[in-house]
Amino acid sequence: MIKIYIIESRNVTKKFKNGVKALNNFDLKVKEGQIFSLLGPNGAGKSTLIKILTTYYKYNSGEINIFGTDLINNSKEIRKNIACVSQNISVDNHLSLKENIIFQSHLYKIDRKESNRRMNDLINILKLEKYIDFPTKTYSGGIKRRLDIAINMISNPKILFLDEPTTGMDIESRKILWDIILKINKNYNTTIFLTTHYLEEADHLSDEICIMKDGKNIIQSSPDSLKYLTKKRVIKIEFTDMKNLENFEDLNKILKLNLRYEKKQNILFISIQNGKNIFKDLNNLLLKKDIDFKGISIIKPTLEEAFIDIINKDKEVNNNV
Ligand SMILES: Nc1ncnc2c1ncn2[C@@H]1O[C@H](COP(=O)(O)OP(=O)(O)OP(=O)(O)O)[C@@H](O)[C@H]1O
């Protein structure tokens, strides 16, 4: 079966009037029902891409299909089926959540009964019971963001774009919003396309991540595969006591193993490239030399370490061209 991607771009280029190429032959594939995150350093082109996908910006060349149809030829129809919560909150500050939703429902021609049903459902999912009746300006930034998402979800979009949804939030509000994003994705099967600077957020939420830089898609994969790509690993050995740790340090010198490590009490953290063989050798060595240890394990890199590694590798490649 041929899988149709809900968003697919090929060779997309966007050049601004000042000559900046924000997108440079940009390719992307997003599957239906995914939570998809776009990561990249400042100026990578993330906001430009979102503005193009949500039909605010035109692009110079290349091809974009959304719902299997061409973005330029079908922008009106596509716009009806997507929603975007941008960094600038778009709710009317003087209206309450209810009034904002009624207004939005009129725009999308949703009848009152259906609108009420959706509103009650969204209030429940977004935990907004306490914030229905007063003007939205009276609420904190975190609550306003949730109100904005609820209002945007009233049209039942197939894709919800979230541009840095948790920027400026404290960790507690951020985690509440993570749960909400997961629930929206699961309950409505809404494809979520988000940009974020928080790698922990991308790791927690995403089925797939695209790392972009200088307007190009450097890599697109699941969070776990991205972590696996970085060859840097750390082996952690916890010794039964300091004496055993020192015995191991002596062996490192005598056998010229040249291991680079850091110590924390009776635990050694050894930095290695390319894990499995060294792990086995160290395990065997400890057993053979009768050095008592409590445990030995490989610590997986975090997404942040993988991200830095991938961005730096791309720099090296480009500097060598
Ligand atoms: N309207 C514009 N006119 C000219 N250049 C622009 C415009 N918008 C963005 N740019 C440039 O295009 C490049 C990509 O910008 P963009 O805002 O898309 O990056 P970003 O990845 O969203 O960055 P950030 O993480 O800092 O928000 C940058 O060099 C930026 O200066």
Side-chain angles (χ1 to χ4, degrees), residues 7-30 35-64 66 71-72 75 79 82-90 141-142 144-145 148-149 152 159-169 174 177-178 181 191-206 208-221 223 226 302-315 317-319 321:
I7 303 175
E8 190 171 9
S9 83
R10 275 185 298 270
N11 290 327
V12 172
T13 296
K14 168 72 185 173
K15 198 173 173 182
F16 286 108
K17 283 193 181 121
N18 61 359
V20 173
K21 241 189 201 177
L23 296 182
N24 188 2
N25 287 323
F26 188 84
D27 293 331
L28 184 81
K29 282 177 178 165
V30 180
I35 298 185
F36 188 93
S37 295
L38 190 62
L39 303 181
N42 292 121
K46 303 179 295 292
S47 299
T48 303
L49 178 66
I50 284 217
K51 283 181 185 139
I52 287 176
L53 295 177
T54 51
T55 73
Y56 285 102
Y57 280 172
K58 292 203 168 89
Y59 47 100
N60 299 93
S61 58
E63 197 184 328
I64 300 179
I66 296 189
L71 179 62
I72 293 175
S75 58
R79 217 175 294 141
I82 62 175
C84 179
V85 177
S86 65
Q87 290 175 44
N88 307 319
I89 287 169
S90 62
K144 274 190 198 150
R145 184 61 48 85
D148 205 359
I149 295 175
N152 272 284
I159 308 173
L160 177 66
F161 291 89
L162 300 171
D163 195 6
E164 300 191 19
T166 62
T167 294
M169 281 186 194
R174 193 175 297 160
L177 196 54
W178 291 356
I181 291 171
T191 304
I192 310 264
F193 187 106
L194 68 95
T195 67
T196 181
H197 280 288
Y198 301 111
L199 289 134
E200 192 198 351
E201 179 163 298
D203 195 9
H204 182 74
L205 293 176
S206 319
E208 211 157 340
I209 289 173
C210 163
I211 297 181
M212 70 178 298
K213 198 181 154 229
D214 299 333
K216 281 195 156 67
N217 179 339
I218 303 180
I219 193 162
Q220 183 183 325
S221 207
L226 288 176
T302 61
L303 186 62
E304 184 152 15
E305 285 161 334
F307 176 79
I308 292 166
D309 208 28
I310 290 164
I311 293 284
N312 285 340
K313 251 185 218 139
D314 184 68
K315 234 186 244 165
V317 170
N318 284 325
N319 286 343
V321 173

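Each ligand, and each atom within it, is numbered from 1 in the order the structure gives. These figures come from a predicted structure and were not determined experimentally.
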Peer 1: Short list, please: which atoms of ligand 1 are under 4.0 Å from a heavy atom of Thr48?
Peer 2: 15 (O), 16 (P), 18 (O)

Peer 1: For His197 and ligand 1, answer yes if some heavy atom of the residue is under 4.0 Å from a ligand atom, otherwise no.
Peer 2: yes

Peer 1: Can you find a protein heavy atom under 4.0 Å from atom 30 (C) of ligand 1?
Peer 2: no

Peer 1: Flag yes if more than 12 heavy atoms outside Glu200 fall under 6.0 Å of its CD atom; otherwise flag no.
Peer 2: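 It does not: Glu200 CD has 12 such atoms or fewer within range.
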
Peer 1: Does the protein place a non-hydrogen atom closer than 4.0 angstrom to atom 8 (N) of ligand 1?
Peer 2: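 Yes; the ligand atom in question has protein heavy-atom contact below 4.0 Å.
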
Peer 1: Quick one: does Gly40 get an N or O within less than 3.5 Å of an N or O on ligand 1?
Peer 2: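 So ligand 1 has no N or O lying under 3.5 Å from an N or O of Gly40.
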
Peer 1: Please work out whether any backbone atom (N, CA, C, O) or any side-chain heavy atom from C-beta onward of Asn18 is under 4.0 Å from ligand 1, and answer side chain, backbone, both or neither.
Peer 2: side chain

Peer 1: Under 3.5 Å, is there a donor-acceptor pair between the Glu201 and Thr166 side chains?
Peer 2: yes

Peer 1: Quick one: does Gly43 get an N or O within less than 3.5 Å of an N or O on ligand 1?
Peer 2: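 It does: an N or O of Gly43 is found under 3.5 Å from an N or O of ligand 1.
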
Peer 1: Counting from 1, what ligand 1 atoms have a heavy atom of Tyr57 closer than 4.0 Å?
Peer 2: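 Close to Tyr57: 1 (N).
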
Peer 1: Against heavy atoms of Ala44, which atoms of ligand 1 measure under 4.0 Å?
Peer 2: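 This gives 19 (O), 20 (P), 21 (O) as the contact atoms.
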
Peer 1: For Val20, counting its heavy atoms only, list the atoms of ligand 1 lying under 4.0 Å from any of them.
Peer 2: 11 (C), 12 (O), 13 (C), 29 (O)

Peer 1: Is there at least one pair of N or O atoms, one from Phe16 and one from ligand 1, spaced under 3.5 Å apart?
Peer 2: no

